[in-house]
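Below is one structure; the comments refer to it alone.
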Amino acid sequence: MKLIYRIALRLSLALLPLMALWAALFYYAMVGEINDEADDALEDYSTLIIARMLAGRELPALNSGSNNSYSITPVDKAYADTHPHIDYYDANIFIPEKEETEPARVLVTIFTDSDGLYYELKVATPTFEKDDLLAAIAYWVVILYVTLLVITIGLTIWVFQRSMRPLYELLRWLDNYIPGRKTEPIPDNTTVSEFRRLNEAAQRAADRSEELFERQKQFIGNASHELQTPLAVISSRIEWLVDNTPTDERQTVELLKMQRTLSHMARLNRTLLLLTKIDNGQFPESTEVDIAALAREQAELCGEIYASRHLAVTVAASQPLVVRMNESLAATLVTNLIKNAFAHSDKGCSVGIDADAGRRRLRVTNDGSAPLDGERIFERFYQGAKREGSTGLGLALAGAVARYYGLSLTYRYEQGRHTFEVVWPR
Amino acid sequence: MKILIIEDEPSLREVMQRALEQERYVVETAATYAEADAKIAGYSYDCILLDIMLPDGSGLRLLEHIKRLRRRDNIIIISARDSIDDKVEGLELGADDYLPKPFHTAELMARIRSVLRRGRSGGELVLTAGNMTLDVDKVRVTVDGREVPLLKKEFDILLYFMQRPNHLVDKAVLAEAVWGDHADEADNFQFVYAQMKNLRRKMSEAGATAEIKSVYGFGYKLVPPER
């Protein structure tokens, strides 16, 4: 989830209870205020009626067009003693003029006249419909909420984007960063101290990983170099034994097996050196290379080497696919992809090689039973099943060449076939 | 035939010396740039094996030096750096061949023989085993003067063996030498066997006195007739 979405979500969630609380408070304040006003009016009204009655003057007409109503009932002392003499409450009363029941505010006053008789005066004035008020308030609160939300989030996004720009530029830089590759320097475009520190930390981390990468590369290169001479010595000694001493069959075969293992080691070593060289960019000269011709050649060679597996090989590479690359790197790329397909095909499976000049694409497919780990397949020494004599570096080499030239080299598994595809940009 | 080995690694120097002496070459050795420089100044050699990574200087500089002296010594560069640049620079400076480490001793012998022979015959390289001759440049094989038609792979195989008479060649090594880098990873060497069968048949039909023998099902050996 993007940070800005999270902020927006949290803002809207935080605003929600706040608005609800506010709506409730507002409702009660409103009701209180209205009741207060109504009570004042009722008090005046009842004072007027009581005053007129005690003075023996004519009481106001029951219907004065104001929907106010009153009633006077004589009550006994016991009733007067057990009831409060002034009491406000809400009630629904029937208004004869309208012939309906309406919510009203009622004031009950118990008073005595000069004869000591008790009367109960009930005055009522119709007030507002509470449901209506609630609905209205809810309606407006929702509108307020939405408006506030839109404004708040809009403002937040604007402020966020303006102030967080350095962060996003740093993130973009990190996305593009590949150790060992010349990358542009970290953007330096902010005066905000937190971002400055973040940029500096990223720069330090990048420098460190750059240095480690460099050292590791050098180490592999040096180690491989240093191994060449001892390998040559052992190999020569074994050869000498085989050719110059009387060895019997078992000894000879054993010595030759050692020799094979040794040459496997030597090849591993050579390949590591080659990988180091590719990663160091030590292949400057480029020439025009016909990938289709390379593919045809390699397919024929592999066809011969793996003839005993009776593979069904289809090669579609008649049009020349000419690219500008270092010749030996181009061969490394094509050879390894094709050899890989042959080497990993079981008896009777099919291998497809398709060099498409129009799309500038080489595609190598072969039958497979399960998809490979596309993430790791171009890593060094990643092997599904260990094969005798295999270095586990073939696809890593192909990957390194593709990386070196910025080609897209992809693996996918579709319809039961492993598909490797290299695309050259136009 | 006098050969100078310039190599700083004692063990490798020793095995190279032993192998060369077995082939009846006169061998001298030098472990450093200075030592080599002194030897070259004092004597002339038919072939110099030159390691380009020496403790006190670059073999390439030594090569330059030798060529400046207008010496005719054949030079084979031996390097742990299997790099195109070194190879190109070395050959441009006038080296006759370039052999990356690690190498098979038989390979080294073959290179030395070929360099020496080329030097003698004015560049033409013809190998002989018994009544069979192989002309590298003309891609031609004859037995008692009659041409034996060979396919490309058969010719390559025969050339490989003619350069290494009496040497036991592992099938895997042969596969890599003739079919290329990845061939020795193959799970069986049926393809080597098929070519080999045809080549041996053609040789015996033509009446060649040399024979390629199968050794313990593991490899082959070219055996020229006893003289």
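Chain letters run A, B, ... following the sequence lines, proteins first and then strands; every chain starts at 1. Atoms considered below: every heavy atom in the structure, side chains included; atoms not considered: hydrogens, waters and symmetry mates.
- Annotation: maximal heavy-atom pairing with chain A below 4.5 Å, among B:V215, B:V192, B:I78, B:L168, occurs at B:L168.
- For a residue to count as touching a neighbouring chain, one of its non-hydrogen atoms must lie under 4.5 Å from one of that chain's; by this rule B:A106 touches chain A with backbone and side chain alike.
- Remark: A:R250 is not positioned above the aromatic ring of B:Y216, lacking an NZ or CZ atom under 6.0 angstrom from the ring centre and at most 45 degrees off the axis.
- Both tests pass for B:R164 against the ring of B:Y160: distance under 6.0 Å to the centre and angle within 45° of the axis.
- Proximity to chain B (any heavy atom under 4.5 Å) is shown, for A:E249, by both the backbone and the side chain.
- A salt bridge links B:E7 with B:K101: at least one charged nitrogen is closer than 4.0 Å to a carboxylate oxygen.
- By number of non-hydrogen pairs under 4.5 angstrom with chain A, the leading residue of B:E9, B:M53, B:H167 is B:H167.
- Using a 4.5 Å cut-off between heavy atoms, B:N166 contacts chain A through its backbone alone, with no side-chain atom that close.
- Contacts with chain B were tallied for A:L274, A:T252, A:V242; A:T252 has the most, counting heavy-atom pairs under 4.5 Å.
- The cationic atom of B:K171 (NZ for Lys, CZ for Arg) does not lie both less than 6.0 Å from the six-membered ring centre of B:F189 and within 45° of the ring axis.
- In this structure, B:R18 is positioned above the aromatic face of A:W240, its NZ or CZ under 6.0 Å from the six-membered ring centre and within 45° of the axis.
- When heavy atoms are compared at a cutoff of 4.5 Å, B:K221 does not approach chain A at all.
- For B:K39 (side chain) and B:T29 (main-chain N/O), a donor-acceptor pair under 3.5 Å exists by modelled atom type.
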